[in-house]
Asks: 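Sharing a structure with you now.
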2 protein chains.
Amino acid sequence: MTSGLDLVVNLSEFTYKQRKEIYGEKEPAAYVYQVTKGAVRTYKLLSDGRRQIGAFHLAGDIFGLENGETHRFTAEAVVDTTVRLIRRESLENAANKDAVVFLDLLSKTTRNLEQVENHLLLLGRKTSLERVAAFLLEMDQRSAAAGVLSLPMSRRDIADYLGLTMETVSRSVSRLRQAGVLDFIGNTHREIVIHDRRQLAGFD
Amino acid sequence: MTSGLDLVVNLSEFTYKQRKEIYGEKEPAAYVYQVTKGAVRTYKLLSDGRRQIGAFHLAGDIFGLENGETHRFTAEAVVDTTVRLIRRESLENAANKDAVVFLDLLSKTTRNLEQVENHLLLLGRKTSLERVAAFLLEMDQRSAAAGVLSLPMSRRDIADYLGLTMETVSRSVSRLRQAGVLDFIGNTHREIVIHDRRQLAGFD
DNA sequence: CGCGGCGTTGACGATGGTCAATTTTCGTGG
DNA sequence: CCACGAAAATTGACCATCGTCAACGCCGCG
């Protein structure tokens with residue numbers, strides 16, 4: 001699938017080690033990023049350290065696309081991650097010359113908005129079990145192999161995405177496991193098989 | 001302040017009575033709206049009736065601007081409300097002819113995104129008192145007369161915006177009142193004076 | 001007046017958070 | 001390969017915040 005961003009000339013790649021910051025909230029937005037390999041979390045912090053993760057970005061995803069001058073989240077590598085870099089300036093030039101690029105920019109922003117709006121409903125009104133079920137379904141849809149997920153992020157990351165604590169996430173996963181809708185693969189607790197997607201959707 | 005949307009020819013106005021639906025979620029988006037007078041709430045529902053209000057739109061605000069074909073929220077008049085209507089089609093025509101309109105579209109979408117992203121942090125990580133304080137500060141900033149607000153929406157509406165119940169909203173307002181940061185004016189409980197904006201911000 | 005809607009307040013309960021112990025996994029170095 | 005220590009995940013006990021349910025008050029309106 002090609003898109004407007006692909007039309008922009010772009011040569012640089014960069015690799016960030018696990019936990020390294022890619023950019024900070026309120027920093028000037030010099031680049032737009034696309035994940036080549038790995039995973040990125042974008043988040044906001046309160047002064048006392050409470051964290052809200054806005055999104056996880058996996059291979060192929062674009063992040064750091066701002067229309068203002070500064071980034072509105074901090075971005076960090078969840079695991080060792082490679083990103084393609086696109087200069088903001090060159091993107092703006094391309095958008096001015098080519099309406100397709102511009103349209104694509106608007107469309108990507110809108111898709112982003114849509115996803116965030118759905119997350120509002122989750123954070124404002126869903127129970128812990130519903131949140132975790134929705135998260136697993138989301139990850140399942142985004143992963144290559146349906147029914148089998150390999151989560152790059154920790155329980156704490158998931159918790160901060162879902163507005164919960166890691167203990168509550170853990171308990172919810174355990175409940176789903178006991179209910180027979182999913183199971184762990186191998187010895188990690190980050191590799192999951194979903195036995196019954198219907199049933200999982202029933203919890204959401 | 002003029003903007004791209006003002007360049008679009010637009011003649012029709014319409015008035016909705018309190019509680020009347022302006023459009024429903026997933027309906028085709030035929031129009032974009034601007035509030036002339038009154039207030040509008042946009043929300044999503046879960047199947048069991050739980051409601052999450054995404055935003056309140058006051059005089060001057062634009063809502064219903066979608067880039068897909070359908071509305072992503074239901075919109076309803078909070079009080080008797082007059083809106084200006086802009087045909088989606090005519091907006092698209094204008095955007096194709098005039099880059100300024102197009103840029104404005106993107107900028108409005110981004111501002112919308114920014115606001116929703118901040119609401120994520122509120123819903124995911126703030127306490128009830130922090131939420132109510134943030135809400136009152138938001139309304140204060142958006143209202144004409146600083147320090148004095150006249151809320152068009154009920155406690156239940158506020159609750160569904162903040163991811164709380166109306167009882168918790170009521171209790172939080174009471175606590176702020178007892179703490180001396182605000183007070184009611186007259187006999188209604190929707191007219192509020194903020195005595196100490198600094199102190200209120202301290203709760204957020 | 002009395003009725004209805006809205007808001008407040010109180011008592012109680014449940015969901016999810018906190019704190020802590022235990023288990024499992026993983027990375028490092030012999 | 002195994003051993004050790006650190007980090008992550010799970011689990012349990014207890015607690016706090018917020019939700020539920022209900023009573024009451026206030027105001028507006030017939």
Side-chain angles (χ1 to χ4, degrees), chain A residues 17-19 41 46 48-52 78-80 122-133 135-136 149-179 182-192 203, chain B residues 17-19 41 46 48-52 78-80 122-133 135-136 149-179 182-192 203:
Chain A
K17 289 253 180 249
Q18 193 173 28
R19 289 161 187 276
R41 56 180 169 248
L46 290 174
D48 62 358
R50 282 175 285 175
R51 181 177 68 159
Q52 179 63 46
V78 174
V79 293
D80 293 0
L122 180 148
L123 291 175
R125 287 299 177 221
K126 291 192 180 174
T127 65
S128 58
L129 195 60
E130 289 170 334
R131 293 180 201 208
V132 170
F135 172 74
L136 293 171
L149 8 170
S150 165
L151 302 173
M153 71 289 285
S154 70
R155 294 292 190 262
R156 171 166 295 280
D157 284 335
I158 298 172
D160 285 349
Y161 179 57
L162 299 178
L164 300 169
T165 59
M166 77 182 180
E167 290 93 334
T168 298
V169 171
S170 185
R171 281 187 246 272
S172 300
V173 172
S174 293
R175 283 181 61 186
L176 292 171
R177 205 150 76 99
Q178 277 187 303
L182 58 83
D183 219 333
F184 294 144
I185 311 173
N187 31 23
T188 314
H189 287 175
R190 295 191 186 185
E191 315 249 321
I192 293 174
F203 287 109
Chain B
K17 289 251 180 253
Q18 193 173 27
R19 289 160 187 276
R41 56 180 169 248
L46 290 173
D48 63 358
R50 280 174 287 173
R51 182 177 67 159
Q52 179 62 46
V78 174
V79 293
D80 293 0
L122 181 148
L123 292 175
R125 288 297 176 222
K126 292 191 182 176
T127 65
S128 58
L129 196 61
E130 289 170 332
R131 293 179 200 207
V132 170
F135 172 75
L136 293 172
L149 9 170
S150 165
L151 303 172
M153 70 290 284
S154 69
R155 294 292 190 263
R156 170 166 296 280
D157 283 335
I158 299 171
D160 285 348
Y161 178 57
L162 299 179
L164 300 169
T165 59
M166 77 181 178
E167 290 92 336
T168 299
V169 171
S170 184
R171 281 186 245 270
S172 300
V173 172
S174 293
R175 284 181 60 187
L176 292 171
R177 204 150 75 99
Q178 278 188 302
L182 58 84
D183 219 332
F184 294 143
I185 311 175
N187 31 25
T188 163
H189 287 176
R190 293 192 187 184
E191 315 251 321
I192 293 175
F203 287 108

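The model shown is predicted, which means the values in this text are computed figures rather than measured ones.
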Asks: Heavy atoms only, 4.0 Å cut-off, all strands: where does B:Gly163 land among base, sugar-phosphate and nothing?
Replies: sugar-phosphate
Asks: Short question: side chain of B:Thr188, backbone of B:Arg190 - any donor-acceptor pair under 3.5 Å?
Replies: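 Side chain of B:Thr188 to backbone of B:Arg190: a pair is present.
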Asks: Side chain of A:Arg156, base of D:dT10: donor and acceptor closer than 3.5 Å?
Replies: no
Asks: Could you check which of D:dA9, D:dC18, C:dT8 has an atom nearest any side-chain atom of B:Ser174?
Replies: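 The answer is C:dT8, which lies nearest to the side chain.
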Asks: Which whole-number value in Å describes the distance from A:Asp183 CG to D:dA9 P?
Replies: 17 Å
Asks: Just compare C:dT8, D:dC18, C:dG17 and give me whichever is closest to any side-chain atom of A:Thr165.
Replies: C:dG17
Asks: Between B:Arg131 (side chain) and B:Lys126 (backbone), is there a donor-acceptor pair under 3.5 Å?
Replies: yes
Asks: Would you kindly give the CZ-to-P distance between B:Arg131 and D:dC18, to the nearest whole Å?
Replies: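 Result: 8 Å.
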Asks: Spell out yes or no: do the side chain of B:Arg190 and the base of C:dT8 have one donor N/O and one acceptor N/O closer than 3.5 Å?
Replies: no
Asks: Rounded to the nearest Å, what distance is computed from the CG atom of residue B:Leu176 to the C1' atom of nucleotide C:dT8?
Replies: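 Taking atom C1' of C:dT8 as the reference, CG of B:Leu176 is at 15 Å.
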Asks: For a quick check of understanding: with a heavy-atom distance under 4.0 Å over all strands, which category does A:Thr188 fall into, base, sugar-phosphate or nothing?
Replies: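 The answer is sugar-phosphate, as A:Thr188 gets under 4.0 Å only of primed atoms, P, OP1 or OP2.
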Asks: How close or far is atom C1' of D:dG25 from atom CZ of B:Arg155, stated in whole angstroms?
Replies: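 The answer, rounded to whole Å, is 15 Å.
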Asks: Write down the distance between CD1 (B:Ile158) and C1' (D:dC18), rounded to a whole number of angstrom.
Replies: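 Those two atoms, CD1 and C1', are 17 Å apart.
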Asks: So, does A:Gln52 use its side chain to make a donor-acceptor pair with the main chain of A:Asp160 at under 3.5 Å?
Replies: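 At least one qualifying donor-acceptor pair exists.
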Asks: Got a second to check how far A:Leu151's CG is from A:Ile192's CD1, nearest 0.5 Å?
Replies: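 If I round to the nearest 0.5 Å, the distance is 4.5 Å.
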Asks: Identify the two heavy atoms, one from B:Val79 and one from B:Pro152, that lie closest to each other, and give their separation to 0.1 Å.
Replies: CG1-O, 3.7 Å
Asks: Taking only side-chain nitrogens and oxygens of B:Ser170, does any of them come within less than 4.0 Å of OP1 or OP2 of C:dG7?
Replies: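 Answer no for this pair, as no side-chain N or O of B:Ser170 is under 4.0 Å from OP1 or OP2.
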Asks: Which nucleotide wins on minimum distance to the side chain of B:Met166, given the candidates D:dG19, C:dT8, D:dT11?
Replies: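 Output: C:dT8.
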Asks: Decide whether A:Glu130 and A:Thr127 meet the rule of one side-chain donor and one side-chain acceptor closer than 3.5 Å.
Replies: yes
Asks: What is the distance from CD of A:Gln18 to P of D:dA8, rounded to the nearest Å?
Replies: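 Atom CD in A:Gln18 sits about 8 Å away from atom P in D:dA8.
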Asks: Take the angle between the ring planes of A:Phe135 and A:Tyr161 and call it parallel below 30°, perpendicular above 60°, tilted in between.
Replies: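 Plane angle over 60°, so perpendicular.
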Asks: By nearest nucleotide on DNA chain C, pick out whichever of B:Arg125 and A:Asn187 is the more 5' one.
Replies: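 The answer here is B:Arg125.
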Asks: Hey, is the side chain of B:Ser128 poking within less than 4.0 Å of OP1 or OP2 on D:dT17, counting only N and O atoms?
Replies: no
Asks: Would you state whether a donor and an acceptor, one from the side chain of A:Glu167 and one from the base of C:dC19, lie under 3.5 Å apart?
Replies: yes
Asks: Using rotation axes that map the C1' atoms of four end pairs onto the next four (five pairs an end), what angle separates the end axes of the helix from C:dC1-D:dG30 to C:dG30-D:dC1, to 10°?
Replies: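 Inter-axis angle at the ends, rounded: 30°.
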Asks: Could you tell me how far apart B:Leu151 (CG) and C:dC6 (P) are, to the nearest whole angstrom?
Replies: 15 Å
Asks: Report all side-chain donor-acceptor pairs from residues 170-177 of chain A shorter than 3.5 Å, counting only partners two or more places apart or in another chain.
Replies:
residue  : atom : partner  : partner atom : Å
A:Ser172 : OG   : A:Thr168 : O            : 2.9
A:Ser174 : OG   : A:Ser170 : O            : 3.1
A:Arg177 : NH1  : A:Asp183 : OD1          : 3.3

Asks: Let me know the distance between CZ of A:Arg50 and C1' of D:dT17, rounded to the nearest Å.
Replies: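 Those two atoms, CZ and C1', are 13 Å apart.
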Asks: So A:Arg19, base contact, sugar-phosphate only, or nothing? Heavy-atom distance under 4.0 Å.
Replies: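 If one applies the 4.0 Å heavy-atom cut-off, A:Arg19 turns out to touch the sugar-phosphate alone, with no base involved.
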Asks: Just compare C:dT9, C:dG17, C:dT8 and give me whichever is closest to any side-chain atom of B:Arg171.
Replies: C:dT9
Asks: Please tell me which of A:Leu164 and A:His189 maps to the more 5' nucleotide of DNA chain C, matching each residue to the nucleotide holding its nearest heavy atom.
Replies: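 On the 5' side of the pair lies A:Leu164.
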